[in-house]
Chemist: 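One structure follows; several queries about it will come next.
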Amino acid sequence: MSLSSSRKNPRVLFVTSEVFPLCKTGGLGDVSAALPAALRELRVDIRLLVPGYPSVLSGLKYKRKLAEFDLLPHFPPTTLFSSRLQINESVSVPVYVIHCPELYQRSGGGIYLDDNGQDWPDNARRFGLLSKMGALLASDASPLSWVPDIAHCNDWQSGLTPAYLHYHPGKKSASLMTLHNLAFQGCFSPGEVARLGLPPESFNVHGVEYYGDMSFLKAGIYYATRITTVSPTYAQEIQHEPLGFGLQGLLAERRNAITGIINGIDTTVWNPATDPHIVKKYSSRNLAAKKTNKLALQREMGLEENGEIPLFAGISRLSYQKGYDILLQVAPMLADLPAQLVLLGKGDQLLEKQLVTLAQTNPARIAVRIDYDEALSHRINASADCFLMPSRFEPCGLNQMYSQRYGTSPIVHATGGLIDTVADLAPDTLLDEPASGFHFRKMNADAFMNEIKRAVDTYYDVKLWRTLQRNGMRKDFSWRASALAYLSIYSLLMQR
Ligand code: ADP
Ligand code: GLC
C-alpha cells in the first residue's frame with residue numbers, strides 16, 4: 001500500500017548521516033546539502049532527517065520539539081526536533097533531528113569512529129535508529145502530519161529504511177536508495193537483526209543476510225523501490241567485480257531499477273571570483289592572478305616560493321580507495337621534474353605517517369598537512385596548477401570538479417565519476433568534448449607518472465595550458481541538471 005498522492009510536487013524525506021556544514025566526513029555531506037537545496041528550487045518539498053550529533057544540535061538554531069519515541073526495546077528514548085538549515089543565501093531546507101544523547105552525544109571521536117579510529121561499537125544501533133526513524137516518518141504510523149511520498153536514503157547508514165518499510169504492515173512511501181560508495185556496507189552480526197526489530201525471516205539471502213552477517217547496504221539495495229548511484233559510469237562498474245564489492249550479482253539483477261546521476265557541486269561556495277578563503281579572487285579572464293595565490297600557498301606551506309614551478313596538489317580522505325599509496329611512489333620523481341606537491345588529508349594512520357615522512361625528504365618541494373581543513377582546501381584549489389586524483393575507484397568524486405572550477409587541471413585514474421567529469425587531453429578532445437585534464441588507465445605508478453610528465457609538458461605550452469584551464473572553468477557542474485534527473489526518478493516513484 002503506497003502513501004503516494006496525486007500531488008504534483010513530490011514530498012521527499014532525505015535520510016542522511018552527514019550534511020555540510022553541520023557534520024561532514026566526505027562528499028556525502030556536500031551532496032546532502034546541495035542536492036536538497038537544488039531540489040527545493042525545483043519546488044520539491046524535500047526535508048532532511050539527520051542524527052543529533054553535538055555539532056548538529058549546536059549548529060541549528062530554533063529547534064522545535066515534535067515528538068518523543070520509545071521505538072524499540074533496544075533503542076533509548078528519543079526525541080524528534082525540527083529546524084531549518086540555511087544552505088545558501090536564497091534556500092533553506094527543513095531538517096528533522098533525532099535527539100538521542102546515548103547514541104549520538106559523544107565527547108570525542110567523529111561521526112563513525114572513536115578517537116582510535118575504530119568504528120563505534122554501537123554503530124548498528126546508532127544508524128539502525130536513523131533508518132528506523134526514516135521508515136516511521138515515511139509511513140502511516142508517523143506522528144507528523146507531513147508524510148513524504150518518497151524516503152530517499154543514502155549509503156548504508158540509512159540502508160535499513162527500505163527494509164523497515166517493507167515489513168511495515170500499513171501504508172508507506174516508496175523508497176530510493178542512493179549509493180555513494182559500495183566499499184562501506186554496514187555489516188553486523190546476525191544477532192542485530194532481532195535487536196533492530198526486524199523479523200527473523202528477513203535474515204535470508206532474499207533479505208538482509210549477506211555472507212552470514214547482516215548488511216544495512218545490502219538491505220537497502222534489496223528492498224528499495226529504485227536505486228541511484230552518483231555517476232553513470234559507476235552505475236555500470238558496480239554490476240561487475242571488483243567494484244561491486246560482493247554485491248555485483250544483486251546489482252546486476254536489479255539493473256533495470258538503477259540510474260546513474262552525476263553529482264553537481266555548489267557553484268556559489270566553489271567560485272574563485274567570490275571565494276572568501278582565497279588570497280586573490282580571479283576568473284577565467286584573469287588567470288594570471290592564480291600566481292598570487294600560488295605564492296601565498298607556497299609561503300603558508302613552507303615550500304620554496306616560485307611562481308613558475310608547476311604545483312601539484314591533492315586533498316583527500318586518506319584511505320585505500322584514494323590511491324595515495326601510488327602517489328607516495330611517484331612523489332619523489334615528481335619533485336625531481338622539478339615540480340612541487342601539496343597534500344592535505346586525514347584518515348588511515350599509516351598513510352598519514354608515510355606522508356609526513358615523505359615531506360621531510362624534500363621540504364622545499366613537498367608539503368603535507370595532516371588535517372581536515374575546509375578553508376585550506378579552497379586555497380589549495382585556487383593555488384595549484386594540477387589536481388591529483390589517483391583513486392582506485394571513485395563513485396563520483398567532487399574535488400576534480402572543484403579544481404576545474406578553479407582552473408586547476410585534474411590528473412585522474414580513469415574510473416567512475418572521474419571519467420564522466422574530466423575529459424582527457426587528446427587531439428579530438430580539445431574540440432569535441434573540450435579537454436580539461438588527464439586520464440591514466442592502468443592503476444600503477446608508471447602510468448600515473450606518465451600523465452604527470454605529460455601535464456608538465458603541457459604546462460610549459462602556455463597557450464594550450466590556458467585552453468585546458470578555461471575548458472574546465474567553462475563546464476557546467478551546477479546541481480540543476482542532476483536535480484532535474486532526481487526529479488524524474490521521484491516522478492516515476494509517484495506514479496507507482
Ligand atoms: P569522498 O566522499 O569519497 O571522500 P569526494 O571527492 O566526493 O570523496 O568528497 C570529498 C570531499 O571532502 C570534498 O569536498 C573534499 O574537498 C573534502 N575533503 C576531503 N578531505 C579533506 C581534508 N583533509 N580537508 C578538507 N576537505 C577535505
Ligand atoms: C562517496 C564517494 C565519492 C562521491 C561522494 C558523494 O563518498 O566516494 O566518489 O563523490 O560519495 O556522492
Side-chain angles (χ1 to χ4, degrees), residues 14 16-21 23-36 110-112 152-158 177-185 217 228-235 237-238 243 245 260-267 269-270 275 277 313-324 342-348 351-352 355 367-382 384 387-406 408 410 412-413 415-422 477 479 482 486:
F14 194 86
T16 182
S17 56
E18 305 186 15
V19 57
F20 180 80
C23 47
K24 164 177 163 184
T25 67
L28 174 61
D30 291 318
V31 172
S32 300
L35 173 59
I111 301 178
Y112 310 122
H152 185 162
C153 310
N154 294 276
D155 276 352
W156 75 265
Q157 295 85 348
S158 46
M177 183 77 226
T178 294
L179 307 173
H180 299 263
N181 197 332
L182 281 180
F184 303 103
Q185 304 190 337
L217 188 67
T228 57
T229 68
V230 288
S231 69
T233 297
Y234 192 61
E237 289 172 339
I238 58 176
L243 295 190
F245 282 94
I261 303 176
I262 196 80
N263 286 330
I265 59 172
D266 188 326
T267 48
V269 172
W270 296 96
D275 192 329
H277 301 294
I315 303 165
S316 188
R317 279 189 296 119
L318 298 178
S319 75
Y320 179 75
Q321 173 189 348
K322 302 296 178 178
Y324 271 41
V342 168
L343 299 175
L344 168 64
K346 202 168 159 55
D348 181 283
L351 273 171
E352 288 184 356
L355 288 171
V368 167
R369 181 76 59 85
I370 303 298
D371 196 3
Y372 187 93
D373 187 335
E374 284 283 330
L376 177 58
S377 80
H378 283 248
R379 293 198 291 282
I380 292 176
N381 277 302
F387 192 83
L388 302 176
M389 237 162 136
S391 309
R392 285 200 164 70
F393 63 94
E394 198 59 80
C396 177
L398 299 177
N399 230 311
Q400 80 283 4
M401 295 193 262
Y402 302 153
S403 65
Q404 288 175 83
R405 284 277 288 167
Y406 284 69
T408 303
V412 301
H413 178 220
T415 181
L418 302 178
I419 294 181
D420 298 335
T421 53
V422 179
F477 291 125
W479 267 104
S482 317
Y486 278 100

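Side-chain atoms are counted along with the backbone in the values below, which use heavy atoms only and exclude waters and symmetry mates. For ligands, and for the atoms within them, numbers begin at 1 and follow the listed sequence.
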Chemist: Quick check: does any side chain N or O of E352 sit under 3.5 Å from a backbone N or O of G347, one acting as donor and the other as acceptor?
Modeler: yes
Chemist: Looking only at heavy atoms, is any part of N263 under 4.0 Å from ligand 2, and if so is it the side chain, the backbone, or both, or is it neither?
Modeler: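 The part of N263 near ligand 2 is the side chain, not the backbone.
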Chemist: Near Q321, which atoms of ligand 2 are under 4.0 Å from a heavy atom of that residue?
Modeler: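 Heavy-atom distances to Q321 below 4.0 Å select 8 (O).
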Chemist: Out of all atoms in ligand 2, which are within 4.0 Å of some heavy atom of V31? Include the element for each.
Modeler: 6 (C), 12 (O)
Chemist: Can you find an N/O atom of C396 closer than 3.5 Å to an N/O atom of ligand 2?
Modeler: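 Such a contact does occur with ligand 2.
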Chemist: Taking the ring of F184 and the ring of W156, is the distance between their centroids below 6.0 Å?
Modeler: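 Centroid distance W156-F184: not below 6.0 Å, so no.
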Chemist: Of all the atoms in ligand 2, which lie at a distance below 4.0 Å from a heavy atom belonging to V230?
Modeler: 12 (O)
Chemist: For I261, does its backbone N or O pair with a side-chain atom of S482 as donor and acceptor, under 3.5 Å?
Modeler: no
Chemist: Determine whether the aromatic ring centres of Y486 and F14 lie less than 6.0 Å apart.
Modeler: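 Not close enough - the centres of the two rings lie 6.0 Å or further apart.
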Chemist: For atom 12 (O) of ligand 2, what's the nearest protein heavy atom and its distance?
Modeler: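 Answer, as residue, atom name and distance: H180 ND1, 2.7 Å.
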Chemist: We want to know whether Y324 and D348 form a side-chain donor-acceptor pair, criterion being a heavy-atom distance below 3.5 angstrom.
Modeler: no
Chemist: Where does the angle between the aromatic ring planes of Y406 and H378 fall among parallel (under 30°), tilted (30 to 60°) and perpendicular (over 60°)?
Modeler: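 Perpendicular, since the angle between the ring planes exceeds 60°.
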Chemist: Write 'none' if nothing qualifies; otherwise put on separate lines each N/O atom of ligand 1 with a protein N/O atom under 3.5 Å away and their distance to 0.1 Å.
Modeler:
from: ligand 1; atom 1: 2 (O); to: G27; atom 2: N; distance (Å): 2.6
from: ligand 1; atom 1: 3 (O); to: R317; atom 2: NH2; distance (Å): 2.7
from: ligand 1; atom 1: 3 (O); to: K322; atom 2: NZ; distance (Å): 2.8
from: ligand 1; atom 1: 4 (O); to: R317; atom 2: NE; distance (Å): 2.7
from: ligand 1; atom 1: 6 (O); to: L398; atom 2: N; distance (Å): 2.9
from: ligand 1; atom 1: 8 (O); to: K322; atom 2: NZ; distance (Å): 3.1
from: ligand 1; atom 1: 9 (O); to: G27; atom 2: N; distance (Å): 3.2
from: ligand 1; atom 1: 14 (O); to: K24; atom 2: NZ; distance (Å): 3.1
from: ligand 1; atom 1: 14 (O); to: D30; atom 2: OD2; distance (Å): 2.8
from: ligand 1; atom 1: 16 (O); to: N399; atom 2: ND2; distance (Å): 2.8
from: ligand 1; atom 1: 23 (N); to: D371; atom 2: O; distance (Å): 2.8
from: ligand 1; atom 1: 24 (N); to: D373; atom 2: N; distance (Å): 3.1

Chemist: Can any side-chain N or O of S158 pair as donor or acceptor with the backbone N or O of T16 at less than 3.5 Å?
Modeler: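 Not a single qualifying donor-acceptor pair exists.
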Chemist: Any idea which atoms of ligand 2 are less than 4.0 Å away from a heavy-atom of L28?
Modeler: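 The atoms of ligand 2 under 4.0 Å from a heavy atom of L28 are 6 (C).
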Chemist: With respect to E394, determine whether any N or O atom, backbone or side chain, lies less than 3.5 Å from an N or O atom of ligand 2.
Modeler: yes
Chemist: Is there a donor-acceptor pair under 3.5 Å between the side chain of Q400 and the backbone N or O of C396?
Modeler: yes
Chemist: Counting only N and O atoms by type, is there a donor-acceptor contact under 3.5 Å from the side chain of T408 to the main-chain atoms of N381?
Modeler: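 Yes.
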Chemist: Is there a heavy atom in G397 that sits closer than 4.0 Å to ligand 2?
Modeler: yes
Chemist: Run the ring pair (Phe, Tyr, Trp, His ring centres under 6.0 Å) test against Y112 and tell me which residues pass, sequence neighbours left out.
Modeler: F127
